[in-house]
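Data first, discussion second: the structure below is written as structure tokens.
Order of the sequence lines sets the chain letters (A, B, ...), proteins ahead of strands, with each chain counted from 1.
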Protein chains: 2
Amino acid sequence: MAYLDRGLASNGGHGAGGAAFSAREAVPFSHIKTQRHHEHTVLFYEGDPADRLFELEDGVVMLYKLLPDGRRQVVEILNTGAVFGVPGHDVYDCSAESLTPIRVSSFDRREIETSATLQKQLTRCLMSQMETLHDHAVLLGRKSAVERVATFLMRLVPNRGGVGCLGPADGKPQDEFNVTLTMTRQEIADYLGLTIETVSRVISDLKRRGFIKIERQDHIRINNVCGMCQLTGAH
Amino acid sequence: MAYLDRGLASNGGHGAGGAAFSAREAVPFSHIKTQRHHEHTVLFYEGDPADRLFELEDGVVMLYKLLPDGRRQVVEILNTGAVFGVPGHDVYDCSAESLTPIRVSSFDRREIETSATLQKQLTRCLMSQMETLHDHAVLLGRKSAVERVATFLMRLVPNRGGVGCLGPADGKPQDEFNVTLTMTRQEIADYLGLTIETVSRVISDLKRRGFIKIERQDHIRINNVCGMCQLTGAH
DNA sequence: CGCCGTTTTGACACTTCTCAACTTACGTGG
DNA sequence: CCACGTAAGTTGAGAAGTGTCAAAACGGCG
């Protein structure tokens, strides 16, 4: 939802079940497959031949890259509606792994050339992902550890933290919110360009200062949404 | 050239003068403008209405984002053939500024919808930019200051440092190379997520260790391309 | 209940940033 | 053509933030 819907004229949410490409014209001999996977399933590895393009119909997927010495950077977190496995050249430039149980459909990459509808949807999706990547470059290049974690948590609050964050002065519609993490501390660290210890320390610190409450490891209540927003560095 | 050509079947370089979209069908009433600008001209600011899409026909452009307190992150460096001003939603998500004298053409954003050729070219360009952004996320999130600067310099060496770097074991085709910088130290720092002082210190250090020679501020000779490649962290 | 993987905490090291001073490069005008 | 002024770049010393390594605490599951 997050990606494909952005920039679209509002069409009342996500339509029938999240498969944004499902309404396209029938393509003879198109090899469209829909698959289900458990969490922590690797869909493809960086360097694999990039013959198929994926659309995430449900669940969360992360894309990551590795340096030869083992350092990892998670480059994107994808939600329902996102397209991935996009072939910049002939091999995938990063690995894809599910963070939750997922449902994905996949196409032969050549279908991009043939289907105008597919093309159009793909373009729209890529444009949104590009913006997300720009934001993330700011996070990685210029934000402190606290700002990174606060930004990460705020992105999980609807209408806050993302591209279209409304800012602090929207009449405090809700001042607390529960977020559910689909990522481990290590995955969060690799996404935010930090170590697991730093992520843990920042979360403990936010807890100590009363901004959040850890209901469970993967279940955090934000007590002060507006206050947290101030910590992101974006306001 | 760098962006649009990647992933294309080799068609012998860049064709007629770099205008990748110039061969598209004629569009009635399309408002295509070609403009020239000096270096350090701002083409648009983050937050401006995103009504036009640009193609860089010649020169270098940087895209950057600012945080409210003035911290800047340069998110992309664009070369001939790149498309920018891509509308993820209704306003530009970053500012665009020329680093050299440039020639750009611009379109009404609605033409994306109408022209299939434009659409196709745009998709290809976005896919390449996406890969570059992924690489840059690794740089910003996981690389040391030396690795960042080495990576930056290596990207200026043809066939090295970029997505398709051949690695160190390709029979030392050239062990030295001259690169010309189009960016100031401050711009490099803001691109690499460092301070100007750190960039300066790293460059001085590389000089001291014999990897490079500073011919002029904006003209660096890499004495040991393979050695420099090792410093990037990618090998 | 006990084990194992994940997370948290602590102490310390190291890289990068900050602030300041100094040097170099470049353009203008005498 | 040289002197000067300003902007850009370099260098230094110390501070701050984050990383590293190690150990303890926690939580889920057999």
## Note on the structure
Per nearest nucleotide of DNA chain D, the residue lying toward the 5' end, A:E197 or A:S144, is A:S144
### Message
Using the side-chain heavy atoms of A:R185, tell me which of these nucleotides is nearest: C:dT8, D:dG12, C:dC17.
### Response
C:dT8
### Summary
In this structure, CG of B:L66 is separated from CZ of A:R142 (nearest 0.5 Å) by 11.0 Å
### Query
With respect to the phosphate group of D:dA8, does any side-chain polar atom (N or O) of B:T184 fall under 4.0 Å of OP1 or OP2?
no
### Query
Within this structure, what is the NZ-to-C1' distance between A:K143 and D:dG17, rounded to whole angstrom?
17 Å
### Message
Between C1' on C:dT16 and CZ on A:R142, what's the gap in Å once rounded to a whole number?
### Response
11 Å
### Task
Return the 5'-most residue of the pair A:D205, B:R148 with respect to DNA chain C, ranking by each residue's nearest nucleotide.
A:D205
#### Entry: 5' precedence on DNA chain D between B:I196 and A:T198 (nearest-nucleotide basis)
B:I196
### Task
Would you please confirm or rule out a distance under 4.0 Å between OP1 or OP2 of D:dT11 and any side-chain N or O of B:R201?
no
### Task
Whole angstrom is fine here: how far is it from CD1 in B:I203 over to C1' in D:dT11?
14 Å
#### Entry: Rounded distance in Å - CD1 (A:I214) to C1' (D:dG27)
14 Å
### Query
Between D:dT10 and B:S204, is there an OP1 or OP2 to side-chain N/O distance shorter than 4.0 Å?
no
Polar pairs (N or O, both sides) under 3.5 Å between protein and nucleotides 21-26 of chain C?
none

#### Entry: 4.5 Å side-chain heavy-atom contact, B:K65 and B:R72
no
### Task
Give the ring-plane orientation class for A:F152 versus A:Y191, where under 30° counts as parallel, over 60° as perpendicular and anything between as tilted.
perpendicular
### Task
Just call it for A:L194: base, sugar-phosphate, or nothing, with non-hydrogen atoms closer than 4.0 Å on any strand.
sugar-phosphate
### Query
Can you tell me how far P of D:dT18 sits from CD1 of A:I188, to the nearest Å?
17 Å
#### Entry: Gap between atoms CD and P, on B:Q186 and C:dT18 respectively (whole Å)
11 Å
### Nearest-0.5 Å distance, CZ of residue B:R71 to CD of residue A:E147
4.0 Å
### Query
Once you round it to whole Å, what is the distance between P of D:dG27 and CD of A:E215?
13 Å
### Query
Between the side chain of B:Q73 and the main-chain N/O of B:D190, is any donor-acceptor distance below 3.5 Å?
yes
### Query
Would you call B:E215 and B:K213 a salt bridge, using N to O less than 4.0 angstrom?
yes
### Task
Rounded to the nearest angstrom, tell me the gap between atom CE in B:M183 and atom C1' in D:dG9.
16 Å
### Task
Check for a donor-acceptor pair, side chain of A:E131 on one end and backbone N or O of A:S128 on the other, with a separation under 3.5 Å.
no
